[in-house]
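Both counts, for ligands and for their atoms, begin at 1 and track the order of listing. Scope of the values below: all heavy atoms of this structure, side chains included, with no hydrogens, waters or symmetry mates.
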Amino acid sequence: MRRKIKLICLLIAANFQANAQPRQEISLNGEWNSVIDQYDTNRGLARGDRPWGKNDREEHSIDDAPMLHVPGDWNSQREELKYYEGTIWYGRHITLTPESDKRYLLRFGGVSYRARVYVNGTQVATHEGSFTEFEADVTAQLRAGDNYIAVRVNNRRERDAIPAMSFDWFNYGGITRDVTLCVVPSHYISDYFIQLDKHRADLIHARVNLSDSVAGETVNLYIPELKKSVRMTTDDTGTAYADIPVKRLVRWCPANPKLYKVRLTTSTDTVSEDIGFRNIEVRGTQVLLNGEPIFLKGINIHEEIPMQKRRACTEADAIRLLDEAQALGVNMIRLAHYQQSRYMVCEAERRGILLWQEIPVWQAIDFSNTSTQDKAVLMLQETIRRDKNRCADCFWGIANETRNTPERNHFLARLLQAGRETDTTRLFVAAFDLARFDRQQDKFVMKDDFYHNLDVVGINKYMGWYEGWPKAPKDIRWDVCSDKPLLISEFGGEAKYGIHDNGDVAGSWSEEFQARIYQMNLEMFANIPNLVGICPWILFDFRSPTRLHQTFQEGFNRKGLVGDKGERKQAWHIIHNYYKER
Ligand code: GCU
């Protein structure tokens, strides 16, 4: 019997190869020419340099311009760009021999904040939002030989942007994530969503989209380890569906982050990906992973390498941040306050870490502006589209610390509806800073007219830092969103590594004062009846233009459990021990 199974697996595997039409990913990372266009003159920089005729009179050139490395923020690369907010043009050549039976998709992992992309002088894409991926089919614009790609990047803060005019992190600008030219067959697999049923352990749902809206196309789906080989057929939108019963599936979890090789083939294309399968649900005031209640031992992380004052943008950066998070003993990370790189998400998934990803609807957003609403909806859809097959993603966050106003509630209702229409398999969340201690009722309460629409409620509360203690922490009662699972999505306080005192002086920035904040908050959290987890703010000190204390902050928000040089503070050990004992 065993021999027969082995033979079947070999045949299945062989079948994969029969259709293999290798896709190709050409990296466009590296040195790009760059021109600071401070007044947005938009001269012909889109076209790049051309052969100059005798009568050409152009007052611009980009080929001899200084270089910027991609991926990477511009602020950390050149002294004169340290605080630059404005437009910079990027440009580079690529020599190609385009093939007639291929398509060429130009993909940007992230451009902060607005991008306008040109190929050989023709605009092929515009995008708004620093943290979501976008791509354009540039087949028609490419030619044999030399091709010129130009990108106008602008990171100016605007009232109708997301985030808007002021936020507590550094406004890095630039092409901050990978740029790739994806070469695919002319008829290709353009999208797919393969996930375990929200509530069952024995049923996988698959949806596969082809590039052309043609009915009757065959799509084969293989999961060799489950001995699954499924034949699907597209409908007149070019979409194929399958519900696949499975047996003895090993569900992904922190203790065993199991991933399965999944392969899709059509007559012209083949894609394969490692995909994990798990259930994430809410039952009453509990969060269930694979049917079992889970306590979320979390941490917040910004996408930044503080030691080098720059955006994190490579796989090595992701590994550096996740090594520190894993050493702390987490099983969950809130990727604050925006979607982070593919590297962060895939590496966290391989390590069995649950993720809360969110869009940067952060505090004062122009909620009554419909174009801002449209941007937020698109940003959430882009966030979900990129990571929908990542089982580590369990929570989609739609807002952080927003006011309970009719405009905000209408904005979030529209956003939440769009999210649920895009993904029915995950939990939708938001972080609120509206919980307060009511002396008459002698307990923490929260008045908010939106939270009941969410699956899980996040509470940001800085007792001992932004607010004094109304009584001994162990005597403080909570009655906040008591019908929902409640995660303390932010708490903590600041300390500058290496400052020491006896811990009872607020504003000393001592490690002992920060450690005491942590001890007292953990005592208080023990009384929260619907608590499903905690998420200290934040793993590393991080850069923020709002942090102006010249002695202790020096442009850093120092709520990190780890200093900006990578040193663990006393509070790190308090959380480490707490997680070890949970
Ligand atoms: C807020 C906010 C964070 C900010 C933190 C702080 O809760 O969500 O982005 O950095 O407080 O004040 O340090």
* For ligand 1, the portion of D433 having any non-hydrogen atom under 4.0 Å away -> neither
* Structure fact -> the protein heavy atom lying closest to atom 1 (C) of ligand 1 turns out to be E401 OE2, 3.1 Å
* To do: Determine yes or no for a side-chain-to-main-chain donor-acceptor pair under 3.5 angstrom, with E512 supplying the side chain and D501 the backbone.
  => yes
* Under 4.5 Å between any side-chain heavy atoms of R342 and E347, yes or no? -> no
* To do: Determine whether the side chain, the backbone, both or neither of F542 has a heavy atom under 4.0 Å from any heavy atom of ligand 1.
  => side chain
* Structure fact -> When distances are taken from atom 2 (C) of ligand 1, the protein heavy atom at minimum range is E490 OE1, 3.4 Å
* Please say whether the positively charged group of R543, taken as NZ for Lys or CZ for Arg, lies over the ring of F170, i.e. under 6.0 angstrom from the six-membered ring centre and within 45 degrees of the axis. => yes
* Asked: Is it true that the side chains of D73 and T176 contain a donor and an acceptor less than 3.5 Å apart?
  -> no
* Determine whether the side chain, the backbone, both or neither of F167 has a heavy atom under 4.0 Å from any heavy atom of ligand 1. => neither
* Where on W169 is there a heavy atom closer than 4.0 Å to ligand 1, on the side chain, on the backbone, on both, or on neither? -> neither
* What atoms of ligand 1 come closer than 4.0 angstrom to any heavy atom of N460? -> 7 (O), 8 (O)
* Asked: Within 45 degrees of the axis of the six-membered ring of F367 and under 6.0 Å from its centre: does R408 put its NZ or CZ there?
  -> no
* **For atom 13 (O) of ligand 1, closest protein heavy-atom neighbour** => K559 NZ, 2.6 Å
* Structure fact -> Going by the 4.0 angstrom heavy-atom rule, the piece of I538 near ligand 1 is neither
* What residue and atom, counting heavy atoms only, is the protein's closest point to atom 9 (O) of ligand 1, and at what distance? -> H337 NE2, 2.6 Å
* How about S112 and N155: does a side-chain donor come under 3.5 Å of a side-chain acceptor? -> no
* Do T132 and H127 meet the criterion of a side-chain donor-acceptor pair at a distance under 3.5 Å? -> yes
* Asked: Nearest heavy atom to atom 12 (O) of ligand 1: which of Y466, F491, W362, W537 does it belong to?
  -> Y466
* **Protein residue, atom and distance nearest to atom 4 (C) of ligand 1, heavy-atom basis** => D168 OD2, 3.2 Å
* Which residue and non-hydrogen atom of the protein lie closest to atom 5 (C) of ligand 1, and at what distance in Å? -> Y462 OH, 3.5 Å
* Where does R547 meet ligand 1, judged by heavy-atom distances below 4.0 Å: at the side chain, the backbone, both, or neither? -> side chain
* Asked: Would you say the side-chain atoms of N453 pair up with the backbone N or O of F450, donor to acceptor, closer than 3.5 Å?
  -> yes
* Relative to W356, does R334 satisfy both conditions: NZ or CZ under 6.0 angstrom from the six-membered ring centre, and within 45 degrees of the ring's axis? -> yes
* Structure fact -> Numbered in order shown, the ligand 1 atoms found under 4.0 Å of a heavy atom of N400 are 2 (C), 8 (O)
* To do: Measure from NZ or CZ of K559 to the centre of the six-membered ring of Y462 and say whether it is under 6.0 Å with the direction within 45° of the ring axis.
  => yes
